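Notes follow the structure.
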2 protein chains.
Amino acid sequence: MNRPDTGSDNGHVPTAKKKTTVSATPERRRELLNTAAEVFAAQGYNATTVRRIADEAGMLAGSLYYHFDSKESMVDEILSTFLTELWDGYDAVLAADLGPRETIEALVTESFREIDRHRAAVAIYQKESKHLAAQPRFGYLTESQQKFEKAWLGTLERGVADGAFRADLDIRLTYRFVRDTVWVAASWYRPDGHHSPEEIARQYLSMVLDGIARRD
Amino acid sequence: MNRPDTGSDNGHVPTAKKKTTVSATPERRRELLNTAAEVFAAQGYNATTVRRIADEAGMLAGSLYYHFDSKESMVDEILSTFLTELWDGYDAVLAADLGPRETIEALVTESFREIDRHRAAVAIYQKESKHLAAQPRFGYLTESQQKFEKAWLGTLERGVADGAFRADLDIRLTYRFVRDTVWVAASWYRPDGHHSPEEIARQYLSMVLDGIARRD
DNA sequence: TAACCTACCAAACACTTGTTAGGGAACGGT
DNA sequence: ACCGTTCCCTAACAAGTGTTTGGTAGGTTA
């Protein structure tokens, strides 16, 4: 995403980069990012101290700076990694060129799968992206949000023109409605629950598409 | 329309009243709470410094402590005031003893009215209530949430038994769905928009009850 | 005039924050 | 045996945090 060398991973080419504290084994790095994401999601980014993260990881605060060069770059890497994977899935769906209704169904299902895999990252994204996006470093958050809106709004418009969706609704309101109902699930979703992401997606889609009132 | 002063200290539910620096004219106090709420909502509670609030109010940080005895008690008063008014509205709806569908409609409409009047407080509530509720001082947040769940879940259950709502949906999932769709609106709602709270409520209800897919 | 209250300022305090510098133990390669 | 790397610790720093203390201009009351 915003990482300088997004190309092929682990390029061993000795770039003229300064020591960006990159471990040879990114294994521990990911471990630490996971615990950091968990704490960020639970307490909020600003309320989380690096000492708390280090504590949770079984080390001291200063030691974190061997792996990362700032608290900010931790949340940066968490969010950009998540968004990269998210768009891998979304782009695949959009490239399939399905009908409007099927596209919505696929996007919702894919979203719940991402929530399942990146629960913490999604929670962080929801809470913090708004004021993080103000910093130029996190410009990709705004970009992603615009791309997001374009994909969903476009699909909804196609669906209205196509007759799949109701034409009497404010389409921007509908967009926010669908978007929010999907992503807020990250705030209560627990992967150990009995609902699989696909099952939750099915029920959500049933509500969003057909409503909760009984039909006669 | 500004509300006529409630006269008797609108005893907000939660906080134990000790010797709190209470002004003779609560007017300035409310002014300060409004600006504080605005900053809290925009930046997040932890990311907001008392110096920033004071700056926005045109005074110095220490001066705030003439009106309030801590930053925490500011957000406390903001949230408890909001919840008190919210439950005034909810209790009136519930006391009317309407049918399940009409109750849901009335609750949703009332919710959007509250969002209209307390946009900042609602935004704060959504972002911060989760970790604020951990402190005993904010126990009323948990209480309110339980009361909330009871009212909504009960109404949904009545509606299923009654035939107004579909019986094939997971009712807890439906509850979270309806609850979230309503309250996340506070994150994008702007009172200067062209939609009145009632109009937004109408569209939301239309989507939640009947779905966005076109019926044949 | 004198006492008093309101609403603020000025300046500090104690503490927490993210971050850095230097060092050292373990380990593998040569 | 030597070197280099990896990964962490110890100990501090400077900036920022919420909060307190003492003071004071202006208005109101007696």
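Convention: sequence-line order gives letters A, B, ...; per-chain numbering from 1. Please read all numbers here as calculations on a predicted model, not as lab measurements.
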- prompt: Do NZ/NE/NH1/NH2 and the carboxylate oxygens of E198(A) and R113(A) come within less than 4.0 Å?
  reply: yes
field: Separation of dC8(C) P from F68(B) CZ (nearest whole Å)
entry: 11 Å
query: In whole angstrom, what separates M59(A)'s CE from dT6(D)'s P?
result: 15 Å
query: Under a 4.0 Å N-O cut-off, is there an ion pair linking E38(A) with R119(A)?
result: yes
- prompt: Is any side-chain N or O of H67(B) closer than 4.0 Å to OP1 or OP2 of dT6(C)?
  reply: no
query: Is the Y204(A) ring parallel, tilted or perpendicular to the F112(A) ring (thresholds 30°, 60°)?
result: perpendicular
- prompt: Roughly how many Å is it from CD in E27(B) to P in dT6(C), rounded to a whole number?
  reply: 15 Å
query: Quick one: is the NZ or CZ of K147(A) closer than 6.0 Å to the six-membered ring centre of Y140(A), and within 45° of its axis?
result: no
- request: Take the angle between the ring planes of F82(B) and W183(B) and call it parallel below 30°, perpendicular above 60°, tilted in between.
  value: perpendicular
- request: Assign the ring pair Y90(B) / W87(B) to parallel, tilted or perpendicular, where the plane angle (0 to 90°) is split at 30° and 60°.
  value: perpendicular
task: Using only side-chain N and O atoms of Y66(B), determine if any of them is under 4.0 Å from OP1 or OP2 of dC8(C).
output: no
task: Can you tell me the distance, in whole Å, between the CG atom of L32(A) and the C1' atom of dC7(D)?
output: 11 Å
- line: Between CG of L60(B) and P of dG23(D) the distance, given in whole Å, is 18 Å
query: Counting only side-chain N and O atoms of R28(A), is one of them less than 4.0 Å from OP1 or OP2 of dT6(D)?
result: no
Polar atom pairs between nucleotides 16-23 of chain C and protein, under 3.5 Å, N or O only, would you list them?
{"from": "dG18(C)", "atom 1": "OP1", "to": "T48(A)", "atom 2": "O", "distance (Å)": "3.1"}
{"from": "dG18(C)", "atom 1": "OP1", "to": "K71(A)", "atom 2": "NZ", "distance (Å)": "2.9"}
{"from": "dG18(C)", "atom 1": "OP2", "to": "V50(A)", "atom 2": "N", "distance (Å)": "3.0"}
{"from": "dG18(C)", "atom 1": "N7", "to": "R51(A)", "atom 2": "NH1", "distance (Å)": "3.0"}
{"from": "dG18(C)", "atom 1": "O6", "to": "R51(A)", "atom 2": "NH2", "distance (Å)": "3.0"}
{"from": "dT19(C)", "atom 1": "OP2", "to": "Y65(A)", "atom 2": "OH", "distance (Å)": "2.5"}
{"from": "dT19(C)", "atom 1": "OP2", "to": "K71(A)", "atom 2": "N", "distance (Å)": "2.7"}
{"from": "dT19(C)", "atom 1": "O5'", "to": "Y65(A)", "atom 2": "OH", "distance (Å)": "3.4"}

